[in-house]
Amino acid sequence: MFGIRDLRREVVVRCVVAVALTLMTALTGMGRATAAERGPRDVTQEYFYVPLHSQEPYTSDVLGLEFAYDGPPRNAELTVDAAGIDGVAVVVSGADGCRPRMPSFTCSKQLHPDSEGWNMQELKLRPAAGARAGDSGLLSYTLKPEGLPAVRGSLKVIAGRPELRVNESPALRTTAVGETFGVPIVIRNTGDVPARGVVLFIEGNADLSAATRHSNCRYTKDADTIQCILPDAVIAPGETMRVNPVPRVRPSRAALAERLSYGAWSFHSSGRHPGPPCCVDAPASGLTPGQGTPVSLTPDPTGGRGTKFTTTPEPTEVKVPVRNTADIEAIGAALRGNAGTTHRIRIGYRNNGPAETGEIRTVFIAPPGTEVIRAPYDPEAEEEMADQVCRTKNRGRSYTCSQYSEVGQKVFYEFTLRTTSDDTRSGCVSVSAWTDESAPGGTRVKDTERSNDTAPVQVAENGTISCALPEDNGGVGGWAVGTGIAALAGSALLVAGHRRRERRRERVGHQRAGG
């Protein structure tokens with residue numbers, strides 16, 4: 001039997017052997033694959049279009065030979081055979097020190113795990129002299145990693161490219177909340193070669209969603225983003241197709257002045273990674289397929305006659321007006337104190353819905369016996385006063401504040417006032433909602449409860465409410481609560497800047513994406 005000392009000696013020897021083997025593996029292991037390691041896989045696109053004309057947005061003259069790989073860093077050689085594209089295209093340069101030459105060349109490349117980036121070799125192509133639209137050839141390549149089997153692949157290189165354009169649509173007819181409506185989509189190929197495979201992308205803002213879900217389309221959780229993949233669709237140059245059946249959309253309970261956009265692109269026309277606002281070759285991640293009848297493309301019986309098409313690959317945008325109302329409730333305040341005292345108050349509003357509106361404008365008129373010594377200030381806004389959340393008029397006697405909010409949300413503006421006299425008349429707050437379009441194109445939203453559109457800023461119990469300014473000759477009482485507030489709101493409207501509207505849209509988009 002072994003003694004304790006012998007057992008310890010054996011354990012030490014085994015540990016030394018294990019460490020030695022580990023070091024040997026580390027020193028020699030780069031060229032050998034482990035039993036569990038998978039070699040690289042070719043995931044290069046099947047086609048590559050070489051533009052014959054000036055490049056448009058999303059157009060790329062850079063081809064990426066791409067490989068998926070999940071092993072450790074490893075050296076490799078990439079051999080490219082370009083003899084098959086003679087007369088079609090010429091490989092003129094390559095990234096990462098690769099120096100192409102016709103008809104074949106070899107590049108040194110290092111593979112990295114996919115988590116560290118793409119294993120791609122970029123090659124820049126240009127049309128060959130005399131190449132005509134539709135000319136094509138086969139580009140072949142072989143990737144030979146150290147210690148792993150070679151990977152062979154090829155793709156079809158085509159001179160020319162498809163250019164898909166969609167119909168521009170005027171504002172759709174006004175619809176009711178919950179009522180579905182169709183969005184006719186017409187696609188024309190204005191390019192010089194056929195589009196083989198088409199992706200369709202439809203996106204509504206937060207209060208529009210798909211009313212039907214098709215089996216070859218993918219949807220976000222709230223169905224406000226739709227991506228349809230039609231790999232077998234072909235649109236010849238000059239041909240016009242219609243999406244069938246017509247996609248149908250439903251506005252939510254909060255919808256009002258909505259927008260949606262749609263566009264169509266050909267597979268592989270932008271390369272795999274640059275391109276339109278969706279993945280052209282495969283569905284985007286995180287989307288769920290529908291179960292209904294698949295959408296397809298059918299020839300337009302009129303050939304697109306009388307249809308206005310977009311002039312760039314960008315999606316087109318459509319206005320969707322919805323009949324809806326919103327109860328906007330003014331929130332007032334109260335302050336008590338002798339002349340010379342200061343008071344911090346919060347005034348504002350609540351959107352009781354059901355519509356989620358555009359700008360909600362709050363007009364605050366300080367009580368006659370006070371002066372505003374501090375008003376809301378946005379340090380991120382531009383220097384111009386118009387970019388502030390609140391803008392003043394009448395030497396600080398009134399402020400107009402403009403902001404967006406969700407249904408059910410309370411919004412407050414904080415002011416600091418100083419009492420200047422024993423005048424106990426109250427000031428007032430007046431609110432109104434407008435569509436998402438800036439004045440003068442903006443439209444006031446119908447308010448179902450006008451009685452709560454104003455609220456007092458009280459200085460004393462049972463004090464008279466004053467919504468008039470000194471230059472209005474001291475009008476008080478009924479004038480203030482009646483038409484006077486509307487007149488003042490019309491003369492002191494703040495048009496919030498484009499930056500603030502975009503910030504709100506980005507926020508809503510982020511919430512939907514994360515939902």
Side-chain angles (χ1 to χ4, degrees), residues 327-352 359-378 385-386 388-403 405 410-434 444 447 449-496:
D327 171 29
I328 311 302
E329 178 183 354
I331 300 175
L335 57 121
R336 301 286 185 271
N338 299 326
T341 58
T342 60
H343 309 268
R344 190 165 61 186
I345 65 169
R346 295 199 307 163
I347 57 95
Y349 66 87
R350 173 189 170 99
N351 180 2
N352 295 320
E359 294 178 358
I360 296 181
R361 299 168 184 171
T362 304
V363 177
F364 166 51
I365 299 178
T370 67
E371 64 176 355
V372 176
I373 59 175
R374 185 183 297 273
Y377 178 75
D378 180 6
M385 190 61 196
Q388 288 295 323
V389 173
C390 296
R391 186 179 64 179
T392 185
K393 292 189 66 174
N394 305 296
R395 299 185 300 277
R397 297 299 303 165
S398 71
Y399 286 79
T400 302
C401 307
S402 184
Q403 200 163 321
S405 68
K410 288 183 179 180
V411 173
F412 289 99
Y413 304 102
E414 188 172 283
F415 290 82
T416 302
L417 278 61
R418 177 188 292 117
T419 56
T420 56
S421 70
D422 294 330
D423 191 334
T424 60
R425 287 178 297 167
S426 297
C428 72
V429 180
S430 173
V431 293
S432 58
W434 297 75
R444 188 164 181 164
D447 194 321
E449 187 61 55
R450 297 296 300 274
S451 62
N452 63 4
D453 289 358
T454 57
V457 178
Q458 291 183 319
V459 175
E461 294 287 346
N462 302 319
T464 305
I465 299 176
S466 174
C467 288
L469 299 171
E471 46 265 52
D472 293 322
N473 297 320
V476 295
W479 182 92
V481 181
T483 60
I485 280 293
L488 177 61
S491 67
L493 294 181
L494 168 65
V495 179

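- The two residues R397 and P367 make their nearest non-hydrogen contact at NH2-O, 3.0 Å.
- Across E329 and V431, no two heavy atoms sit closer than the pair C-CG2, 4.1 Å.
- When side chains are defined from C-beta on, W434 counts as touching R361, because their heavy atoms get closer than 4.5 Å.
- No side-chain heavy atom of C428 sits less than 4.5 Å from a side-chain heavy atom of P456.
- Looking only at side-chain heavy atoms (C-beta outward), F412 and I347 stay at 4.5 Å or farther from each other.
- Here the straight-line distance linking atom OG1 of T419 with atom CD of E371 works out to 9.0 Å at 0.5 Å rounding.
- Looking only at side-chain heavy atoms (C-beta outward), R346 and F415 stay at 4.5 Å or farther from each other.
- Looking at every heavy atom in both residues, G332 comes nearest to A455 through N-CB, 3.5 Å.
- For the atom pair N351 CG and I328 CD1, the distance stands at 3.5 Å (nearest 0.5 Å).
- In this structure, V457 and S426 have side chains that are not in contact, with every pair of non-hydrogen atoms separated by 4.5 Å or more.
- Rounding to the nearest 0.5 Å gives a distance of 5.5 Å between OH of Y413 and SG of C401.
- Residues V429 and I331 form no side-chain contact, since every pair of their non-hydrogen atoms from C-beta on lies 4.5 Å or further apart.
- Here the CZ-CD1 distance, from F364 to I345, works out to 4.0 Å after rounding to the nearest 0.5 Å.
- By the 6.0 Å contact criterion, CZ on R336 is enclosed, its count of non-hydrogen atoms from other residues, nucleotides or ligands being greater than 12.
- A 4.5 Å side-chain heavy-atom check between S430 and T362 finds every atom pair outside the cut-off.
- Here the shortest heavy-atom pairing between P368 and R425 reads CB-NH2, 3.4 Å.
- Taken to the nearest 0.5 Å, the OG1 atom of T370 stands 9.0 Å off from the NE2 atom of H343.
- Looking at R450 and D447, no side-chain N of the basic residue comes within less than 4.0 Å of a carboxylate O on the acidic one, giving no salt bridge.
- Between L417 and L335 there is a side-chain heavy-atom pair separated by less than 4.5 Å.
- Here E359 contributes atom CD and S402 contributes atom OG; the two are 3.5 Å apart, rounded to the nearest 0.5 Å.
- Looking at T400, its side chain never comes within 3.5 Å of a backbone N or O of T392 through a donor-acceptor pair.
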